[in-house]
Amino acid sequence: MTSDQAQLSSSAPAGEPRSKTIPATPAALLQAVLEANAGTRDPRLRTVLASLITHLHAFAADVQLTYGELQQGLDFGVRVGQATHDKRHEGILLADILGLATLVLLMDAKAVLAAGGTEPALIGPFWRASQPVRPNGSRIASADTSGVPLHVRGRVVSLDGRPLAGARIETWQAAPSGLYENQDPDQEDMNLRAVFETDADGHFWFDSVKPSGYGVPIDGPCGDLLALQGRGHMRPAHLHFIAAAPGHKVLTTQIFDALDPYAYEDAAFGAVGSLLRDFMPDGAGGYRLDVELKLEPGETHMPVPPLR
């Protein structure tokens, strides 16, 4: 035990005034902050905060962070919050462009991926609550949405290949213009969005238009960060899927067009593993996409849509 730690070890219990001052050293300061966290009641939160505190202090020491730089970072965080509202979630976008969201998804899915399950992908900032429930076979693009026809045929199964009847499928995509309907006042409300239910054999199917790649929003703090990094802001064309079935964990994923020019330069780092697929010509001027979604057994917890 260091002398700093020894002096701090005589401190009062968490929540009570200290009888000793904190020695003016980084190690003693870290120890004091960790001791203050020791009273956190929830065990998991206590563990997460202790690790966060330790890594934040180590990060600041590693880069010799200045107070001015700290203020810049805090101001950036405030701007992220200010840019978030019921039609936009800048915090989700930040986690995406830093690769954090994909990392957490892949860690969560370690077991299911080893068992042959479907790779997860980002929910992203554009999923809306109360997407319209449509019957299988519907066209999810409004009549005034022009584009190359796309026919999607999907199946939801368990890890052992058993079809999952009555599974809920949420899907949404950008228009060929590269804009989601909530970004574009010229699109019909809830255009290119739907909720389906699988049939007795686990199938769902619908018609749409082939999506295009698009740029993530750059008119906010995340755009400023991308510019400072000298990075592009494009995402490859994709469709979003969320699959939920009783007795199974919820799968959030995306299917990407493998021939999109940005297929291997995704600004959000979501195009991983086998999620890059070939959109096959259907012989009639359109394309066909076949999707199989494999779900892991477990508790069903639906995520919260970032948009209303």
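Hydrogens, waters and symmetry mates are skipped; everything else that's a heavy atom, side chains included, is used.
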Legend entry - Atom pair OG/CG of Ser177 and Asp186 - distance to nearest 0.5 Å: 9.0 Å
Inset, instruction - Report the distance from atom CE of Met302 to atom CD1 of Ile242, rounding to the nearest 0.5 Å. - result: 5.0 Å
Inset, instruction - Mind checking the NZ-OH spacing from Lys210 to Tyr287? Nearest 0.5 Å is all I need. - result: 5.5 Å
Legend entry - Derivation of the side chain to side chain contact (heavy atoms under 4.5 Å, CB included) call for Phe269 and Asp96: CA-CA 7 Å; Phe269 304 103; Asp96 290 351; over 6 Å; no
Legend entry - Heavy-atom check, side chain of Phe126 versus side chain of Pro217, under 4.5 Å: yes
Inset, instruction - List, by chain and then residue number, the residues other than Val304 in its hydrophobic cluster (Ile/Leu/Val/Met/Phe/Trp/Tyr, side-chain heavy atoms under 4.5 Å); write none if there are no others. - result: none
Legend entry - Non-hydrogen atoms of Leu293 and Ala243 that approach each other most closely: CD1-CB, 4.0 Å
Legend entry - Test ring pair (Phe, Tyr, Trp, His ring centres under 6.0 Å) applied to Phe256 - qualifying residues, sequence neighbours left out: His238
Legend entry - Smallest separation among heavy atoms of Gly270 and Ala121, with atom names: O-CB, 4.1 Å
Inset, instruction - Using modelled atom types only, decide if a donor and an acceptor are shared between the side chain of Thr102 and the backbone of Gly99 within a distance under 3.5 Å. - result: no
Legend entry - Heavy-atom closest contact (Ala237 atom, Ser212 atom, distance): CB-C, 3.5 Å
Inset, instruction - Check whether any side-chain heavy atom of Ser142 sits under 4.5 Å from a side-chain heavy atom of Leu192, and report yes or no. - result: no
Output a table of donor-acceptor pairs, distance under 3.5 Å, between side-chain atoms of residues 156-170 and any protein atom two or more places apart or on a different chain; print 'none' if there are none.
| residue | atom | partner | partner atom | Å |
| --- | --- | --- | --- | --- |
| Ser158 | OG | Asp160 | OD1 | 2.2 |
| Ser158 | OG | Arg162 | N | 3.2 |
| Ser158 | OG | Arg162 | O | 3.4 |
| Asp160 | OD1 | Arg162 | N | 3.1 |
| Arg168 | NE | Glu170 | OE2 | 3.2 |
| Arg168 | NH2 | Glu170 | OE2 | 2.9 |
| Glu170 | OE1 | Trp127 | NE1 | 3.1 |
| Glu170 | OE1 | Gln131 | NE2 | 2.9 |

Inset, instruction - Run the numbers on Ile92 and Ile123 for side chain to side chain contact (heavy atoms under 4.5 Å, CB included), then give the verdict. - result: CA-CA 9 Å; Ile92 289 178; Ile123 291 177; 5.9 Å; no
Legend entry - Backbone of Pro246 reached by a side-chain donor or acceptor of His248 within 3.5 Å: yes
Legend entry - For the student: nearest non-hydrogen atoms of Thr145 and Arg139, plus distance: O-NH2, 3.1 Å
Legend entry - Nearest-0.5 Å distance, NE2 of residue His57 to CD of residue Gln31: 11.0 Å
Inset, instruction - For His203 and Asn136, test the side chains for any donor-to-acceptor distance below 3.5 angstrom and give the result as yes or no. - result: no
Inset, instruction - Show your reasoning for whether side chain to side chain contact (heavy atoms under 4.5 Å, CB included) applies to Phe59 and Thr54. - result: CA-CA 9 Å; Phe59 153 73; Thr54 301; over 6 Å; no
Inset, instruction - Answer yes or no: is there a side-chain heavy-atom contact under 4.5 Å between Gln82 and Val78? - result: yes
Legend entry - Set of side-chain contact (heavy atoms from CB on, under 4.5 Å) partners for Asp75, sequence neighbours left out: none
Legend entry - Val272 with Leu251, same ILVMFWY side-chain cluster at under 4.5 Å: yes
Legend entry - Between His233 and Tyr214, a side-chain donor and acceptor under 3.5 Å: no
Legend entry - Shared hydrophobic cluster for Val33 and Leu74 (ILVMFWY, side-chain gaps under 4.5 Å): no
Legend entry - Co-members of Leu103 in a cluster of I, L, V, M, F, W and Y side chains, linked at under 4.5 Å: Leu100, Val104, Met107
Legend entry - Separation between CD of Glu181 and CG of Leu179, rounded to the nearest 0.5 Å: 10.5 Å
Legend entry - Verify same cluster id: Val291, Leu276 (apolar side-chain graph, 4.5 Å): yes
Legend entry - Rounded distance [0.5 Å steps], CZ in Arg153 versus CZ in Phe204: 10.5 Å
Inset, instruction - With the side chain counted from C-beta on, respond yes when Lys249 and Thr300 share a heavy-atom pair under 4.5 Å apart, and no when they do not. - result: no
Inset, instruction - Would you mind reporting whether Asp207 and Val152 have side-chain heavy atoms less than 4.5 Å apart? - result: no
Inset, instruction - Spell out, yes or no, whether Ile255 and Val148 are grouped together once hydrophobic residues are joined by side-chain heavy atoms under 4.5 Å, including indirect joins. - result: yes
Inset, instruction - Could you check Leu307 against Asp86 for side chain to side chain contact (heavy atoms under 4.5 Å, CB included), going step by step and ending with a plain yes or no? - result: CA-CA 5 Å; Leu307 301 180; Asp86 61 353; over 6 Å; no
Legend entry - Minimum-distance pair of heavy atoms, taken over all atoms of Arg277 and Leu289: CB-CD1, 4.3 Å
Inset, instruction - For the pair Asp278 and Arg288, find out whether any cationic side-chain nitrogen is under 4.0 Å from an anionic carboxylate oxygen. - result: no
Inset, instruction - Quick one: closest heavy-atom pair of Ala271 and Ala263, and the distance? - result: CB-O, 3.8 Å
Legend entry - Donor-acceptor pair, side chain of Ser138 and main chain of Arg134, under 3.5 angstrom: no
Under 3.5 Å, side-chain donor or acceptor atoms of residues 219-229 against the rest of the protein: list the pairs with distances, not counting sequence neighbours.
| residue | atom | partner | partner atom | Å |
| --- | --- | --- | --- | --- |
| Asp219 | OD1 | Arg88 | NH1 | 2.6 |
| Asp219 | OD1 | Arg88 | NH2 | 3.0 |
| Asp219 | OD2 | Arg88 | NH1 | 3.4 |
| Asp224 | OD2 | Arg79 | NH1 | 3.3 |
| Asp224 | OD2 | Arg79 | NH2 | 2.6 |
| Gln229 | OE1 | Arg231 | NH1 | 3.1 |

Inset, instruction - Verify the neighbour count for atom NE2 of His85: are there more than 12 heavy atoms of other residues, nucleotides or ligands below 6.0 Å? - result: yes
Legend entry - Thr118 side chain vs Lys294 backbone, donor-acceptor pair below 3.5 Å: yes
Inset, instruction - Examine distances only and state if a side-chain atom of Gln254 and a backbone atom of Leu122 form a donor-acceptor pair shorter than 3.5 Å. - result: yes
Legend entry - Val48 backbone acceptor or donor facing Ser51 side chain under 3.5 Å: no
Inset, instruction - Taking only Lys NZ, Arg NE, NH1 and NH2, and the carboxylate oxygens of Asp or Glu, determine whether Arg155 and Asp290 approach each other closer than 4.0 Å. - result: no
Legend entry - Side-chain heavy-atom pair Leu150, Leu239 within 4.5 angstrom cut-off: yes
Legend entry - Backbone N/O of Ile140 and side chain of Ser208: donor-acceptor pair under 3.5 Å: no
Legend entry - Side-chain (Glu265) to main-chain (Tyr262) donor-acceptor, under 3.5 angstrom: no
Legend entry - Any donor-acceptor N/O pair, Arg128 side chain to Arg308 backbone, under 3.5 Å: yes
Inset, instruction - Report yes if some heavy atom in the side chain of Val195 is under 4.5 Å from a heavy atom in the side chain of Pro132; otherwise report no. - result: no
Inset, instruction - Give a yes-or-no answer on whether the side chains of Ser274 and Glu119 include a donor-acceptor pair shorter than 3.5 Å. - result: yes
Inset, instruction - Using atom types as modelled and distance alone, determine if a side-chain donor or acceptor of Gln187 lies under 3.5 Å from a backbone N or O of Asp184. - result: no
Legend entry - Transitive ILVMFWY side-chain link Val209 to Phe279, under 4.5 Å: yes
